[in-house]
Amino acid sequence: MRLVQLEHRSGQKRAALVDESFLKPLARFSSVYELVWTSLAERQPLRRFVLTESCDEPVRYDDVYSGNSDWRLLPPIDHISDPAHCLISGTGLTHTASAEKRRAMHQGVSEENDSSRMYRWGLEQGRPGYEEIGVSPEWFYKGNGGILRAHGESLAVPNFAEDAGEEPEIAGVYLIDMEGRPRRIGMAIGNEFADHQFERRNYLYLAASKLRQCALGPELVVDPIFDDVRGRVKIEREGSVLWSAELATGEKQMCHSLANIEHHHFKFDEHRRPGDVHIHFYGADAFSFGEGIALEDGDIVEIAFEGFGRPLRNSIRFQPGEPARIQMLPV
């Protein structure tokens, strides 16, 4: 089952069910958040709950996807009332290729450094047995729901940034229930997006390099198979493909199990506040920066994964001007 969120030109919003070449807006629900929260309150499995709901007139998916409709795609999840209650985060060094690129980025030689050491710990202790706790993976904070962008929207590069780079990943989407328990709603294609040139200066800049916009969608897969997922990323410039690469993710491709990643994210009390939404990126195994590509204004990034619906496409927009000093004001 796959869900999207739609907004009409009039401002009306709907959660919608993907039905092949059509989107079926759910009559009662303006958001996926509201839909999931209601299914939990009524103690109904989400899949069954959605299939019992009445729908408005179907909308042609091709028209919406291409931007030729009165409806447009939103990110497939957001917080119903406050973006600050949507936490966006991620786990790095989960794939062999990401560990190798990180090592080359920061050191350029073969000796083990902090990044390769963390990856090795994952290989050794990242897939614990049932009810056991493995080693903690790397964790980073990206921002709140205010940085989230939808399919077709531009990803802005701040004028203080040194670089812009796509990171094609799968992200988990979670809602904390009334009792403070994390519920995995599903997964979606994501472009985690970061400033790799800034990070390259020193790996301690990693945290700040992640504070950038990101994209999710267009579809939220409620019951995904996250075992061995294949995909492709490509960069288009002026109508031609500049660069592309095959992608491989899923638990078979990762040094940490999904259960271990989720445990170490949600073990913190502050990550289990009832009503909060969490979007957590699981890591990538290919990105153009590692191949020497520098994104330019107007480039388009397309990311596709088998079993996760239509590709996610976003243009890149560099903010003009020089960075201005932030001045403090008296109270």
Side-chain angles (χ1 to χ4, degrees), residues 1 3 5 15 29-50 74-94 118 121-122 125-148 169-188 190 192 206-207 210-211 214 216-217 220-224 226 251 254-283:
M1 174 176 285
L3 301 170
Q5 292 195 132
F29 297 103
S30 61
S31 69
V32 169
Y33 183 101
E34 184 184 14
L35 171 69
V36 175
W37 194 259
T38 304
S39 73
L40 289 173
E42 297 187 10
R43 301 185 184 278
Q44 292 287 331
L46 181 59
R47 169 183 276 272
R48 184 190 306 167
F49 184 75
V50 170
L74 300 173
I77 189 69
D78 54 15
H79 191 275
I80 193 170
S81 61
D82 185 358
H85 284 280
C86 174
L87 180 103
I88 304 176
S89 57
T91 294
L93 301 175
T94 51
M118 283 199 73
W121 290 348
Q125 305 173 59
R127 308 182 69 86
Y130 182 69
E131 292 191 345
E132 295 180 346
I133 297 174
V135 68
S136 177
E138 179 188 66
W139 185 91
F140 60 84
Y141 170 72
K142 274 199 70 66
N144 63 36
I147 67 168
L148 200 57
E169 307 183 23
I170 299 293
V173 176
Y174 304 85
L175 177 63
I176 310 302
D177 70 15
M178 304 81 158
E179 285 75 40
R181 297 171 301 188
R183 304 274 189 154
R184 189 195 316 131
I185 305 171
M187 300 179 186
E192 194 254 294
L206 172 69
K210 296 293 187 181
L211 297 176
C214 61
L216 195 69
L220 173 60
V221 185
V222 174
D223 44 8
F226 191 64
E251 291 202 78
M254 298 163 66
C255 61
H256 287 270
S257 66
L258 182 59
N260 195 54
I261 290 171
E262 291 173 333
H263 162 78
H264 284 290
H265 178 69
F266 290 108
K267 67 186 179 184
F268 300 102
D269 290 344
E270 57 269 33
H271 288 179
R272 300 194 309 275
R273 297 186 305 182
D276 280 6
V277 171
H278 289 250
I279 297 168
H280 192 80
F281 287 91
Y282 298 142

Under 3.5 Å, side chain of [X] to main-chain N/O of [Y], donor-acceptor pair present?
X: E251; Y: S257; value: no
X: Y33; Y: L175; value: no
X: E34; Y: S30; value: yes
X: Q5; Y: P75; value: yes
X: K142; Y: K210; value: yes
X: N260; Y: R127; value: no

Start with the C-alpha gap between R183 and W37, add the side-chain angles, then the distance that decides, and say whether side chain to side chain contact (heavy atoms under 4.5 Å, CB included) holds. CA-CA 10 Å; R183 304 274 189 154; W37 194 259; over 6 Å; no
Heavy-atom side-chain proximity of [X] to [Y] below 4.5 angstrom:
X: F266; Y: R181; value: no
X: L258; Y: R184; value: yes
X: D223; Y: L46; value: no
X: E270; Y: L87; value: no
X: I88; Y: C214; value: yes
X: V135; Y: H256; value: yes

Taking all atoms of both residues into account, what is the closest heavy-atom pair of [X] and [Y], and its distance?
X: S39; Y: V36; answer: OG-O, 2.7 Å
X: G186; Y: P224; answer: CA-CD, 4.5 Å
X: A188; Y: G217; answer: CB-N, 4.3 Å
X: H79; Y: D82; answer: ND1-N, 3.1 Å
X: G283; Y: T94; answer: CA-OG1, 3.5 Å
X: F140; Y: G92; answer: CE2-N, 4.0 Å

Measuring from atom [atom1] of [X] to atom [atom2] of [Y], what distance do you get when rounded to the nearest 0.5 angstrom?
X: L211; Y: Y141; atom1: CG; atom2: OH; value: 7.5 Å
X: D276; Y: D177; atom1: CG; atom2: CG; value: 12.0 Å
X: W139; Y: F268; atom1: CH2; atom2: CZ; value: 7.5 Å
X: H264; Y: I133; atom1: NE2; atom2: CD1; value: 6.5 Å
X: I77; Y: L3; atom1: CD1; atom2: CG; value: 9.0 Å
X: S136; Y: W121; atom1: OG; atom2: CH2; value: 10.0 Å

Does the side chain of H280 come under 3.5 Å of the side chain of T91 through a donor N or O and an acceptor N or O? yes
How about H265 and Y174: are their ring centroids closer than 6.0 Å? no
Residues I176, H271; criterion side chain to side chain contact (heavy atoms under 4.5 Å, CB included); working and verdict: CA-CA 8 Å; I176 310 302; H271 288 179; over 6 Å; no
Under the side chain to side chain contact (heavy atoms under 4.5 Å, CB included) criterion, do I279 and C86 qualify, and how do the steps go? CA-CA 7 Å; I279 297 168; C86 174; 3.9 Å; yes
